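To start, the structure under review is shown below, and the notes come after it.
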Amino acid sequence: MKIKYALGTAGLLFALVGCNLDIQMYDGVTAEDVTVRNLKELSQGTYRLLKNDNGLIDNGYSFWAYGGDDLSWGGTSTDPKYKDYDYGRSITSSSTEYTWELGYRTIGNCNKIIEMGAELGDAITADERVMVGENYYLRALCYFLLVNEFAQPYSNNPTQNPGLPLKLNSDPNDLPQSRSTVAEVYDQVVADLLDAIDYMTLTEGQTPKDACYATKEAAQALLARVYLYMENWDGAYEMADAVIKSGRFELLQGEDYDRYPQHVPEENSETIFAVRRVELMDDGGYSRPGGLYFRVDNQGWEELYASAPYLKLLELYLDDDGYPMDRRSNFITKRYVEDGGADMYPINSSIRRDYQEWTFVYDNLLSNTANYVYEQINVTRQADGSWVMSADDATQFTSATIQSEPYNLGTRYYVTTTGGTKYIGRIEPRVYDAATLRQKSADYLVYAINKFSYQEQYFHLNSPVISRLAEMYLIRAEVNAVKGNVQEALDDVNVLRRRAGIPEWTMTNMQTAEAGQPKDINKIVEEERMLELAWEGHRRFDIFRRRQTLDRRYPGGHTLTEGNRFWEVHYNDPAVCEYIPQAQYDAYPYELEQNP
């Protein structure tokens with residue numbers, strides 16, 4: 001579909017024509033049946049477009065999630081989503097093509113429903129007002145996701161850099177003649193979310209909808225994130241605080257938290273809004289994002305792994321048996337060699353076995369290449385709790401004993417070569433290399449991610465979470481950190497660390513936590529966001545909105561394809577956003593400024 005149609009109404013408003021209309025979740029109606037009283041069916045159609053196979057959520061997700069430093073691809077791939085990972089970009093990518101097209105088709109549906117709400121005027125019912133509010137929210141969500149993919153970050157000259165064509169009505173012939181600026185798109189997102197909050201504020205007798213649908217709190221949660229990206233600190237705090245204090249949501253605890261992706265959104269007390277997928281109507285196989293992260297019951301490619309930087313941060317806290325204490329480690333299923341090569345692994349990596357083969361793992365830059373690889377040193381635990389390497393390995397290092405130092409209220413392990421180079425690493429049972437288990441590269445290890453699979457115990461069924469309560473605590477913490485309210489920031493961070501089962505921060509212990517030096521409160525919050533929100537589509541944006549540089553000097557297929565070109569990615573690098581898809585660019589009736 002070309003953009004001049006994707007931005008209009010005909011042929012897109014009811015893009016479900018020809019689909020099975022006997023579904024209960026996110027259905028639509030056909031064009032010939034439309035009247036202003038079809039708001040309910042049309043609104044269901046918006047949700048259906050949002051979650052459409054190969055649409056905005058599916059294809060956009062790869063851009064939002066794959067470009068951070070918490071992720072590692074275990075080799076190379078011909079999948080078009082790989083370009084979202086290695087920053088190589090392709091102007092003809094089918095992934096970005098579908099993201100753009102389905103994003104605008106969803107916006108087109110929202111536009112028509114918003115107009116119908118206005119047409120109803122004073123005759124609109126309370127329930128219809130809520131549905132119009134839902135579509136203000138969904139339009140804002142689409143524009144927010146699209147502008148962050150196809151334009152430079154708000155942190156980089158937003159009043160000058162081009163954003164998106166802002167299509168705000170259903171007239172197919174009334175198309176924007178240029179791209180609005182990033183700032184103008186953000187202003188529209190804010191305006192839509194404020195309207196959404198107004199329209200979805202319930203009257204007496206109305207019952208709030210569950211997390212499968214947009215609600216007032218969902219709009220507040222997204223607006224908190226938008227304000228955070230804009231550095232509107234007071235607005236971000238106000239919105240996040242309102243969601244926390246609404247009383248509608250609670251953080252999952254214990255084993256319920258370990259199995260977060262297995263719960264359906266409407267029964268998950270922490271989920272604020274998720275794009276609902278149902279077992280009877282939605283595919284749970286390889287095509288879902290979970291299939292690239294994880295292999296379950298012989299389903300899945302399992303090519304994307306937790307990265308070395310992420311694991312180094314996560315595994316600073318080990319129990320007496322040498323296993324990670326942080327409950328968030330349950331979202332990673334390590335493929336231990338001693339378990340064998342079968343695909344019938346447990347979903348959560350909580351099994352403790354008497355593994356005999358332990359290693360010290362660190363990442364190393366191969367000589368005369370741009371490629372970082374994993375090195376594994378056999379180690380044996382001593383009676384005093386120390387770890388000692390073999391005599392052969394010890395010849396390369398200054399000590400046969402793995403060294404340790406306090407860091408971030410935990411313990412960091414390292415070795416020092418005879419040449420004086422210090423390598424920070426981790427202790428774990430021996431893990432399969434990706435070539436042996438997944439026919440990828442032997443230089444990488446299989447740290448599978450189960451965070452997006454097994455909803456209702458069905459393969460890779462997953463309802464993508466747009467907002468959840470933990471993010472609200474982290475937004476509130478960040479605002480307090482920026483304003484210098486250190487104790488208040490620590491209080492919110494500690495809510496999540498307490499749930500994770502790891503040491504809590506205090507004003508005292510943060511003074512020596514950075515290898516003996518003071519730990520900056522802003523860094524504490526940033527690292528907690530990385531731990532808590534891993535692979536959910538936040539990390540790359542967290543780096544660039546802070547005007548930081550993405551550091552990708554760690555093992556992963558990105559160096560196999562791009563060499564050292566993207567070892568570091570600056571927040572204002574052209575590669576941080578995608579090209580406008582060439583087919584859409586060529587079809588547009590006016591000249592759009594292409595991204596460099």
Side-chain angles (χ1 to χ4, degrees), residues 59 61-96 286 289-295 300-312 332 334-335 337 359 361-377 421 423-426 430-449 534-535 539-540 543-544 549-570 573-579:
N59 284 281
Y61 172 80
S62 62
F63 178 85
W64 312 322
Y66 294 176
D69 56 1
D70 51 0
L71 195 66
S72 174
W73 206 305
T76 60
S77 176
T78 58
D79 191 316
K81 298 179 180 64
Y82 188 85
K83 288 299 179 186
D84 295 333
Y85 165 77
D86 75 353
Y87 281 79
R89 297 193 297 169
S90 170
I91 202 167
T92 58
S93 166
S94 61
S95 178
T96 57
Y286 281 55
L292 275 172
Y293 287 121
F294 195 65
R295 187 169 176 85
W301 288 283
E302 197 171 87
E303 297 181 8
L304 285 166
Y305 312 134
S307 70
Y310 183 79
L311 291 169
K312 287 176 185 176
I332 301 168
K334 295 185 179 182
R335 300 310 197 188
V337 171
T359 63
V361 181
Y362 66 97
D363 40 290
N364 179 36
L365 176 63
L366 287 178
S367 299
N368 302 315
T369 76
N371 192 28
Y372 283 83
V373 302
Y374 282 113
E375 306 284 2
Q376 294 174 295
I377 301 174
T421 302
Y423 289 101
I424 296 169
R426 299 171 294 101
R430 182 172 288 275
V431 173
Y432 271 112
D433 67 75
T436 301
L437 199 62
R438 294 291 171 249
Q439 295 77 53
K440 301 303 287 184
S441 173
D443 293 332
Y444 313 128
L445 302 178
V446 183
Y447 301 113
I449 297 168
W535 322 301
R539 180 60 182 162
R540 72 175 292 154
I543 293 169
F544 297 142
T549 297
L550 172 65
D551 186 348
R552 302 197 103 191
R553 291 172 294 180
Y554 59 83
H558 49 282
T559 60
L560 295 177
T561 50
E562 295 297 328
N564 63 5
R565 187 158 72 104
F566 293 122
W567 271 359
E568 294 183 320
V569 185
H570 300 284
D573 192 299
V576 305
C577 68
E578 289 286 0
Y579 298 113

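From a predicted model like this one, the values you see are computed outputs, not experimental measurements. Computed over heavy atoms, backbone and side chain alike; hydrogens, waters and symmetry mates excluded. Here, residue 1 is the first one in the sequence, and each next residue gets the next number.
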Please report whether the ring centroid of Trp567 lies less than 6.0 Å from that of Tyr554. no
Kindly state whether the ring of His558 and the ring of Phe566 have centres lying under 6.0 angstrom apart. no
Hey, could you give me each pair passing salt bridge (charged side-chain N to carboxylate O under 4.0 Å, His left out) that has a residue in residues 363-376? Not counting sequence neighbours. Lys312-Asp363
Residue pairs, two or more places apart or on separate chains, that pass salt bridge (charged side-chain N to carboxylate O under 4.0 Å, His left out) and touch residues 66-76: Asp69-Arg539
Do you see a donor-acceptor pair shorter than 3.5 Å between the side chains of Tyr372 and Arg553? no
Check [X] against [Y] and note the closest heavy-atom contact, atom names and distance.
{"X": "Tyr374", "Y": "Pro555", "answer": "CE1-CB, 3.8 Å"}
{"X": "Asp433", "Y": "Leu445", "answer": "CA-CD2, 3.8 Å"}
{"X": "Asn59", "Y": "Ser62", "answer": "O-OG, 2.9 Å"}

Would a 4.5 Å heavy-atom cut-off, applied to side chains only, mark [X] and [Y] as touching?
{"X": "Asp79", "Y": "Leu292", "answer": "yes"}
{"X": "Glu302", "Y": "Val446", "answer": "yes"}
{"X": "Tyr82", "Y": "Thr76", "answer": "yes"}
{"X": "Tyr362", "Y": "Ile424", "answer": "no"}
{"X": "Arg295", "Y": "Trp301", "answer": "no"}

How long is the gap from CD1 on Ile377 to CZ on Arg430, to the nearest 0.5 Å? 10.5 Å
Got a salt bridge between Glu303 and Lys440, using NZ or NE/NH1/NH2 to carboxylate O under 4.0 Å? yes
Between Glu578 and Lys83, is there a salt bridge with N-O shorter than 4.0 Å? no
Of Tyr310, Tyr447, Tyr61, which meets ring-ring contact (aromatic ring centres under 6.0 Å, His included) against Trp535? Tyr310
Using a 6.0 Å distance limit plus a 45 degree cone around the ring axis, check whether Arg552 lies over the aromatic ring of Tyr87. no
